[in-house]
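Single-structure report; data block below.
Values below: all heavy atoms of this structure, side chains included; hydrogens, waters and symmetry mates excluded. Residue numbers start from 1 in every chain, and the chains themselves are labelled A, B, ... in the order their sequence lines are given, proteins ahead of strands.
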Amino acid sequence: MDPAQMGMNGVAGMKYNMRAMAKLYESLSKSCFKKCVTRFSQPDLSVGELTCVDRCTLKFISTAQLVSEGMQTAHEQEMKQQQAMQQLGQQRPF
Amino acid sequence: MNSNMGMAPGQQMTKKDQKELEGLVQEMMFKEMQDMYINLVDRCFSKCINNFRSRKVLSAEKDCIGYCVAKSIAHNKRVQMRFAEQNQMQMGMPGGAPPS
(Lines give C-alpha, C1' and ligand atoms only; values in the text may rest on other atoms or scores of the structure.)
Protein backbone atom coordinates (compact mmCIF):
# COMPACT_ATOMS: atom_id res chain seq x y z
CA MET A 1 0.00 0.00 0.00
CA ASP A 2 2.97 2.26 -0.58
CA PRO A 3 2.07 5.16 -2.89
CA ALA A 4 5.69 5.55 -3.98
CA GLN A 5 5.72 1.93 -5.08
CA MET A 6 2.62 2.52 -7.15
CA GLY A 7 4.16 5.53 -8.84
CA MET A 8 2.40 8.32 -6.95
CA ASN A 9 4.82 10.86 -5.57
CA GLY A 10 4.82 14.16 -3.72
CA VAL A 11 1.61 15.73 -2.55
CA ALA A 12 -0.56 13.21 -4.34
CA GLY A 13 1.13 10.40 -2.40
CA MET A 14 0.74 12.26 0.89
CA LYS A 15 -2.94 12.90 0.23
CA TYR A 16 -3.30 9.20 -0.43
CA ASN A 17 -1.63 8.33 2.87
CA MET A 18 -3.66 10.83 4.90
CA ARG A 19 -6.90 9.56 3.42
CA ALA A 20 -5.98 5.97 4.34
CA MET A 21 -5.13 7.05 7.89
CA ALA A 22 -8.41 8.88 8.34
CA LYS A 23 -10.50 6.00 7.03
CA LEU A 24 -8.64 3.41 9.08
CA TYR A 25 -9.14 5.46 12.20
CA GLU A 26 -12.86 5.68 11.54
CA SER A 27 -13.05 1.94 11.03
CA LEU A 28 -11.05 1.29 14.20
CA SER A 29 -13.27 3.48 16.33
CA LYS A 30 -16.45 1.92 14.98
CA SER A 31 -15.19 -1.66 15.27
CA CYS A 32 -13.91 -1.34 18.82
CA PHE A 33 -17.05 0.36 20.02
CA LYS A 34 -19.06 -2.46 18.54
CA LYS A 35 -16.87 -5.12 20.14
CA CYS A 36 -16.26 -3.58 23.54
CA VAL A 37 -19.03 -1.22 24.53
CA THR A 38 -22.08 -3.38 24.98
CA ARG A 39 -23.94 -2.10 28.03
CA PHE A 40 -25.65 1.26 28.37
CA SER A 41 -26.75 1.34 31.97
CA GLN A 42 -24.35 4.13 32.92
CA PRO A 43 -22.62 7.07 31.19
CA ASP A 44 -18.97 6.16 31.97
CA LEU A 45 -16.94 3.38 30.45
CA SER A 46 -16.41 0.55 32.92
CA VAL A 47 -12.91 -0.70 33.76
CA GLY A 48 -13.51 -3.77 31.65
CA GLU A 49 -14.62 -1.67 28.71
CA LEU A 50 -11.60 0.62 29.03
CA THR A 51 -9.22 -2.35 29.02
CA CYS A 52 -11.06 -3.89 26.10
CA VAL A 53 -10.82 -0.68 24.08
CA ASP A 54 -7.08 -0.40 24.79
CA ARG A 55 -6.43 -3.94 23.65
CA CYS A 56 -8.83 -3.64 20.75
CA THR A 57 -6.97 -0.60 19.42
CA LEU A 58 -3.66 -2.44 19.51
CA LYS A 59 -5.12 -5.52 17.86
CA PHE A 60 -6.75 -3.48 15.13
CA ILE A 61 -3.45 -1.85 14.25
CA SER A 62 -1.75 -5.26 14.22
CA THR A 63 -4.52 -6.55 11.96
CA ALA A 64 -4.05 -3.66 9.55
CA GLN A 65 -0.37 -4.58 9.29
CA LEU A 66 -1.13 -8.26 8.78
CA VAL A 67 -3.65 -7.50 6.04
CA SER A 68 -1.13 -5.25 4.31
CA GLU A 69 1.43 -8.06 4.36
CA GLY A 70 -1.17 -10.54 3.15
CA MET A 71 -2.11 -8.35 0.23
CA GLN A 72 1.54 -7.84 -0.65
CA THR A 73 2.09 -11.60 -0.70
CA ALA A 74 -0.98 -12.17 -2.85
CA HIS A 75 0.16 -9.45 -5.26
CA GLU A 76 3.63 -10.98 -5.56
CA GLN A 77 2.16 -14.42 -6.20
CA GLU A 78 -0.09 -12.97 -8.89
CA MET A 79 2.89 -11.32 -10.59
CA LYS A 80 4.83 -14.61 -10.49
CA GLN A 81 1.91 -16.43 -12.04
CA GLN A 82 1.55 -13.86 -14.78
CA GLN A 83 5.27 -14.01 -15.53
CA ALA A 84 5.17 -17.80 -15.67
CA MET A 85 2.25 -17.71 -18.09
CA GLN A 86 4.02 -15.18 -20.28
CA GLN A 87 7.11 -17.34 -20.40
CA LEU A 88 5.03 -20.36 -21.35
CA GLY A 89 3.50 -18.39 -24.18
CA GLN A 90 6.92 -17.40 -25.44
CA GLN A 91 8.35 -20.89 -25.35
CA ARG A 92 5.64 -22.49 -27.42
CA PRO A 93 4.55 -20.25 -30.26
CA PHE A 94 1.62 -21.67 -32.18
CA MET B 1 -24.12 -0.18 -19.44
CA ASN B 2 -23.08 2.44 -21.91
CA SER B 3 -19.64 1.69 -23.26
CA ASN B 4 -19.47 4.82 -25.38
CA MET B 5 -18.34 6.97 -22.44
CA GLY B 6 -20.65 9.78 -23.43
CA MET B 7 -19.07 10.62 -26.77
CA ALA B 8 -21.01 11.18 -29.95
CA PRO B 9 -20.53 8.40 -32.54
CA GLY B 10 -17.48 8.98 -34.68
CA GLN B 11 -15.98 11.49 -32.21
CA GLN B 12 -12.29 11.23 -31.29
CA MET B 13 -10.67 12.34 -28.04
CA THR B 14 -7.96 15.01 -28.14
CA LYS B 15 -4.50 14.12 -26.83
CA LYS B 16 -5.02 16.49 -23.92
CA ASP B 17 -8.32 14.85 -23.01
CA GLN B 18 -6.76 11.43 -23.32
CA LYS B 19 -4.00 12.33 -20.88
CA GLU B 20 -6.50 13.79 -18.46
CA LEU B 21 -8.60 10.68 -18.67
CA GLU B 22 -5.58 8.46 -18.06
CA GLY B 23 -4.71 10.48 -14.96
CA LEU B 24 -8.25 10.21 -13.65
CA VAL B 25 -8.38 6.47 -14.31
CA GLN B 26 -5.08 6.00 -12.48
CA GLU B 27 -6.33 7.99 -9.51
CA MET B 28 -9.51 5.92 -9.52
CA MET B 29 -7.48 2.74 -9.50
CA PHE B 30 -5.37 3.91 -6.56
CA LYS B 31 -8.49 4.83 -4.63
CA GLU B 32 -10.02 1.48 -5.45
CA MET B 33 -6.96 -0.39 -4.17
CA GLN B 34 -6.92 1.70 -1.05
CA ASP B 35 -10.63 1.21 -0.41
CA MET B 36 -10.21 -2.50 -0.93
CA TYR B 37 -7.47 -2.55 1.70
CA ILE B 38 -9.52 -0.59 4.20
CA ASN B 39 -12.58 -2.78 3.67
CA LEU B 40 -10.43 -5.88 4.06
CA VAL B 41 -9.05 -4.69 7.37
CA ASP B 42 -12.56 -3.88 8.56
CA ARG B 43 -14.04 -7.18 7.42
CA CYS B 44 -11.21 -9.44 8.61
CA PHE B 45 -10.96 -7.70 11.95
CA SER B 46 -14.67 -8.10 12.44
CA LYS B 47 -14.64 -11.80 11.54
CA CYS B 48 -11.41 -12.92 13.16
CA ILE B 49 -10.66 -10.86 16.24
CA ASN B 50 -13.07 -11.66 19.04
CA ASN B 51 -10.83 -12.19 22.04
CA PHE B 52 -9.70 -9.22 24.10
CA ARG B 53 -8.11 -10.97 27.02
CA SER B 54 -4.72 -10.24 25.51
CA ARG B 55 -3.23 -7.33 23.61
CA LYS B 56 -1.37 -9.68 21.26
CA VAL B 57 -2.91 -11.17 18.17
CA LEU B 58 -3.26 -14.91 18.84
CA SER B 59 -1.79 -17.45 16.45
CA ALA B 60 -5.23 -18.74 15.47
CA GLU B 61 -6.36 -15.18 14.79
CA LYS B 62 -3.30 -14.60 12.62
CA ASP B 63 -4.17 -17.66 10.54
CA CYS B 64 -7.76 -16.50 10.29
CA ILE B 65 -6.67 -13.12 8.94
CA GLY B 66 -4.42 -14.77 6.38
CA TYR B 67 -7.27 -16.95 5.12
CA CYS B 68 -9.68 -14.03 5.23
CA VAL B 69 -7.43 -11.93 2.98
CA ALA B 70 -6.87 -14.77 0.51
CA LYS B 71 -10.57 -15.65 0.37
CA SER B 72 -11.62 -12.03 -0.06
CA ILE B 73 -9.30 -11.61 -3.01
CA ALA B 74 -10.50 -14.87 -4.58
CA HIS B 75 -14.10 -13.78 -4.00
CA ASN B 76 -13.39 -10.47 -5.70
CA LYS B 77 -11.93 -12.20 -8.74
CA ARG B 78 -14.91 -14.51 -9.05
CA VAL B 79 -17.44 -11.72 -8.77
CA GLN B 80 -15.54 -9.69 -11.36
CA MET B 81 -15.54 -12.62 -13.75
CA ARG B 82 -19.26 -13.33 -13.46
CA PHE B 83 -20.14 -9.66 -13.59
CA ALA B 84 -18.16 -9.18 -16.78
CA GLU B 85 -19.87 -12.24 -18.25
CA GLN B 86 -23.31 -10.88 -17.47
CA ASN B 87 -22.39 -7.52 -18.89
CA GLN B 88 -21.27 -9.08 -22.15
CA MET B 89 -24.45 -11.12 -22.39
CA GLN B 90 -26.58 -8.07 -21.83
CA MET B 91 -24.80 -6.15 -24.57
CA GLY B 92 -25.58 -9.07 -26.90
CA MET B 93 -21.95 -9.99 -27.51
CA PRO B 94 -20.96 -13.61 -28.02
CA GLY B 95 -18.50 -15.27 -25.62
CA GLY B 96 -20.56 -15.06 -22.44
CA ALA B 97 -21.16 -18.47 -20.90
CA PRO B 98 -24.69 -19.16 -19.69
CA PRO B 99 -24.98 -19.05 -15.89
CA SER B 100 -24.44 -22.52 -14.41
Side-chain angles (χ1 to χ4, degrees), chain A residues 1-9 11-38 47-78 81, chain B residues 16-84 95:
Chain A
M1 287 300 104
D2 183 19
Q5 241 178 25
M6 291 170 81
M8 246 181 156
N9 297 310
V11 177
M14 281 163 61
K15 172 175 134 184
Y16 180 86
N17 265 334
M18 289 198 310
R19 182 179 181 266
M21 266 292 174
K23 291 218 159 194
L24 270 180
Y25 174 80
E26 187 187 331
S27 174
L28 155 62
S29 182
K30 196 166 74 163
S31 302
C32 289
F33 186 88
K34 198 167 168 190
K35 298 248 186 209
C36 291
V37 184
T38 49
V47 171
E49 286 171 335
L50 285 168
T51 313
C52 179
V53 167
D54 290 344
R55 291 173 181 165
C56 179
T57 304
L58 286 168
K59 277 188 136 168
F60 187 93
I61 292 169
S62 301
T63 303
Q65 248 166 349
L66 285 169
V67 170
S68 174
E69 286 165 17
M71 278 180 79
Q72 184 78 348
T73 311
H75 181 71
E76 282 165 11
Q77 273 184 350
E78 175 91 22
Q81 248 184 14
Chain B
K16 177 170 159 253
D17 280 349
Q18 236 175 12
K19 264 221 154 176
E20 189 181 338
L21 185 66
E22 274 172 25
L24 284 176
V25 168
Q26 204 192 37
E27 200 180 312
M28 250 174 67
M29 278 170 51
F30 285 155
K31 270 203 183 151
E32 193 184 320
M33 280 294 282
Q34 193 181 59
D35 284 343
M36 184 172 118
Y37 167 69
I38 289 165
N39 286 331
L40 258 189
V41 174
D42 190 280
R43 182 189 300 164
C44 296
F45 182 83
S46 155
K47 299 251 181 216
C48 292
I49 310 287
N50 296 303
N51 180 312
F52 297 101
R53 297 178 145 270
S54 147
R55 59 208 334 246
K56 292 241 165 98
V57 177
L58 307 170
S59 148
E61 290 175 328
K62 231 181 234 179
D63 292 339
C64 177
I65 290 171
Y67 298 144
C68 175
V69 172
K71 275 197 153 175
S72 298
I73 292 173
H75 164 86
N76 220 29
K77 266 200 184 147
R78 189 85 180 175
V79 167
Q80 247 175 6
M81 181 180 88
R82 291 296 182 213
F83 185 70

Turns out that what part of B:Ile73 lies under 4.5 Å from chain A's heavy atoms comes down to side chain

Check: Would you say A:Lys23 and B:Asp35 make side-chain contact, with heavy atoms under 4.5 Å?
Finding: yes

So, the part of A:Ala64 with a heavy atom under 4.5 Å from chain B: the answer is both

Practice item. Evaluate whether atom CD of A:Glu76 has more than 12 neighbouring non-hydrogen atoms of other residues, nucleotides or ligands under 6.0 angstrom away. Key: yes

The interface call for A:Glu69 against chain B, heavy-atom contacts under 4.5 Å, is neither

Taking every heavy atom of B:Phe52 against every heavy atom of A:Arg55, the minimum-distance pair comes out as O-NH1, 2.8 Å

When the 4.5 angstrom heavy-atom criterion is applied to B:Val69 and chain A, the contacting part is side chain

Taking the side chain as everything from C-beta on, heavy atoms only, tell me whether A:Leu66 gets closer than 4.5 Å to B:Lys62.
yes

Quick one, B:Phe45 and A:Ser62 - any side-chain contact, counting heavy atoms below 4.5 Å?
no

Taken to the nearest 0.5 Å, the spacing of B:Arg43 CZ from A:Thr63 OG1 works out to 14.5 Å

Distance col, row B:Leu40:CG vs A:Ser27:OG, nearest 0.5 angstrom, shows 11.0 Å

Value for OG1 (A:Thr51) from CZ (B:Arg53), rounded to nearest 0.5 Å, stands at 11.5 Å

From the list B:Gly66, B:Ser54, B:Ala70, the residue making the most non-hydrogen contacts under 4.5 Å with chain A is B:Ser54

Answer key: most heavy-atom pairs under 4.5 Å with chain B among A:Lys34, A:Lys30, A:Glu78 is A:Glu78

Item checked: Side chain proximity check, B:Met36 to A:Met71, heavy atoms < 4.5 angstrom -> yes

- Message: Are more than 12 heavy atoms, taken from residues, nucleotides or ligands other than B:Gln18, located less than 6.0 Å from that residue's CD atom?
- Response: yes

Quick check: do A:Leu24 and B:Tyr37 have side-chain heavy atoms less than 4.5 Å from each other? yes

Honestly, the part of B:Ser72 sitting under 4.5 Å from a heavy atom of chain A is neither

When rounded to the nearest 0.5 Å, the distance separating OH of A:Tyr25 from CD1 of B:Ile38 is 15.0 Å

Interatomic distance, NZ@A:Lys59 vs CD1@B:Ile65, rounded to 0.5 Å, equals 9.0 Å

Has A:Lys35 got a side-chain atom pairing as donor or acceptor with B:Asn51's backbone, closer than 3.5 angstrom? no

Notebook entry, point to check: Mind checking whether B:Met33 and A:His75 have side chains closer than 4.5 Å, heavy atoms only?
Noted result: no

